[in-house]
Amino acid sequence: MVDPLTALGAASSIVQFVDFSSKIISSCYSTYKSISGASEEHVHLETVTTRLRDFSGRLQAYQDAGYYARQDPQEVAELRQMAGMCYQTADDLVKVLEDLKVTKTGPLRTWDAVRQAIRSARKQHAIENADDKLQKIQNQLGLQLMQVIR
């Protein structure tokens, strides 16, 4: 006879394994079928992050071109610093997302999709952290930009 707590622990482990396996299979299938080689979630996140990265790069270029010459130098310097942080964080996130794309074709595409689904699951926490950090930077960048253009 099995102790009830041991049985509950074993059942919990089985449920976790089944849940994890179903997420991997679902991710594998969606990346395998995707034309871009990435899940819809990753495609959307990459698109938004790329646009934010490009915008923050343009903000830095505008300062280099002297667009903010009549503004407070301290505020402009803070804006440039925030835009640089935004650019770097966004660029790092885009590189991670691009690295998780399925690139193989033919029969190797299946194994590449499985490999990338597992890698994606392992990096999910880092992706979420980078996305949260980027959202905070984006909010601060918006406030800083409003301060400069007021």
Side-chain angles (χ1 to χ4, degrees), residues 1-63 74-150:
M1 189 105 185
V2 177
D3 178 37
L5 292 177
T6 304
L8 182 63
S12 174
S13 296
I14 291 170
V15 168
Q16 284 179 339
F17 177 76
V18 169
D19 181 52
F20 178 75
S21 298
S22 68
K23 287 179 183 177
I24 293 293
I25 291 169
S26 174
S27 175
C28 178
Y29 182 76
S30 69
T31 56
Y32 177 79
K33 291 292 185 182
S34 172
I35 294 171
S36 66
S39 67
E40 284 185 39
E41 177 186 350
H42 285 182
V43 169
H44 175 71
L45 184 58
E46 183 179 2
T47 301
V48 170
T49 304
T50 300
R51 288 179 183 164
L52 185 58
R53 179 190 64 189
D54 295 345
F55 174 72
S56 60
R58 284 192 306 272
L59 281 178
Q60 290 178 310
Y62 291 158
Q63 184 188 12
Q74 176 70 25
E75 290 175 356
V76 173
E78 290 172 2
L79 176 64
R80 182 171 178 78
Q81 179 184 9
M82 195 59 57
M85 286 174 51
C86 184
Y87 185 89
Q88 187 60 50
T89 304
D91 193 50
D92 292 345
L93 182 55
V94 166
K95 287 177 183 174
V96 168
L97 293 171
E98 286 177 351
D99 189 45
L100 293 174
K101 288 184 179 179
V102 174
T103 57
K104 305 276 194 269
T105 58
L108 296 177
R109 185 170 176 85
T110 304
W111 294 113
D112 195 30
V114 170
R115 185 175 65 88
Q116 296 299 39
I118 293 170
R119 290 182 70 223
S120 178
R122 291 175 63 201
K123 291 187 178 191
Q124 189 61 33
H125 185 68
I127 291 170
E128 289 170 358
N129 285 344
D131 187 35
D132 290 344
K133 181 179 177 182
L134 196 57
Q135 287 178 8
K136 289 176 185 175
I137 292 171
Q138 179 184 5
N139 291 338
Q140 186 64 34
L141 183 63
L143 291 173
Q144 199 68 39
L145 186 58
M146 294 295 271
Q147 183 72 21
V148 168
I149 63 174
R150 68 163 159 74

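Residue-environment remark: CZ (Arg119) exceeds the threshold of 12 foreign heavy atoms within 6.0 Å.
Between the side chain of Gln140 and the backbone N or O of Gln135 there is no donor-acceptor pair closer than 3.5 Å. Although no hydrogens or angles enter the test, the distance criterion places no donor-acceptor pair under 3.5 Å between the side chain of Asp112 and the main chain of Val102. Proximity of a side-chain donor or acceptor of Arg53 to a complementary backbone N or O of Asp92 within less than 3.5 Å is not detected.
Between Leu141 and Leu79, the closest side-chain pair of non-hydrogen atoms falls below 4.5 Å. Side-chain atoms of Ile118 and Val114, non-hydrogen and from C-beta on, do get closer than 4.5 Å to each other. Contact check for Leu52 versus Ile137: no side-chain heavy atoms found under the 4.5 Å cut-off. In this structure, Asp54 and Arg58 have side chains that are in contact, with non-hydrogen atoms separated by less than 4.5 Å.
Between the CD atom of Gln138 and the CG atom of Leu143 there is a distance of 11.0 Å, given to the nearest 0.5 Å. Summarising the geometry, atom CG belonging to Leu97 is positioned 8.0 Å from atom OG1 belonging to Thr50; distances are rounded to the nearest 0.5 Å. Summarising the geometry, atom CG belonging to Leu108 is positioned 10.5 Å from atom CZ belonging to Arg115; distances are rounded to the nearest 0.5 Å. The CG atom of Leu134 lies 12.5 Å from the CG atom of Asn129; values are rounded to the nearest 0.5 Å. Atom OG1 of Thr49 is separated from atom CG of Leu93 by 4.5 Å, given to the nearest 0.5 angstrom. For the atom pair Gln144 CD and Leu59 CG, the distance stands at 11.0 Å (nearest 0.5 Å).
Applying the salt bridge (Lys or Arg N to Asp or Glu O under 4.0 Å) test to every pair with at least one member in residues 38-47, sequence neighbours left out, gives these pairs: Glu46-Lys101. Every pair tested for salt bridge (Lys or Arg N to Asp or Glu O under 4.0 Å) that includes a residue from residues 130-147 fails, sequence neighbours excluded, so the list is empty.
For Lys95 and Asp99, the salt-bridge test fails: no basic side-chain N is under 4.0 Å from an acidic carboxylate O.
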When the side chains of residues 80-87 are checked against the rest of the protein, which donor-acceptor pairs come out under 3.5 Å, sequence neighbours left out?
from: Arg80; atom 1: NH1; to: Gln60; atom 2: O; distance (Å): 3.1
from: Arg80; atom 1: NH1; to: Asp64; atom 2: OD1; distance (Å): 3.3

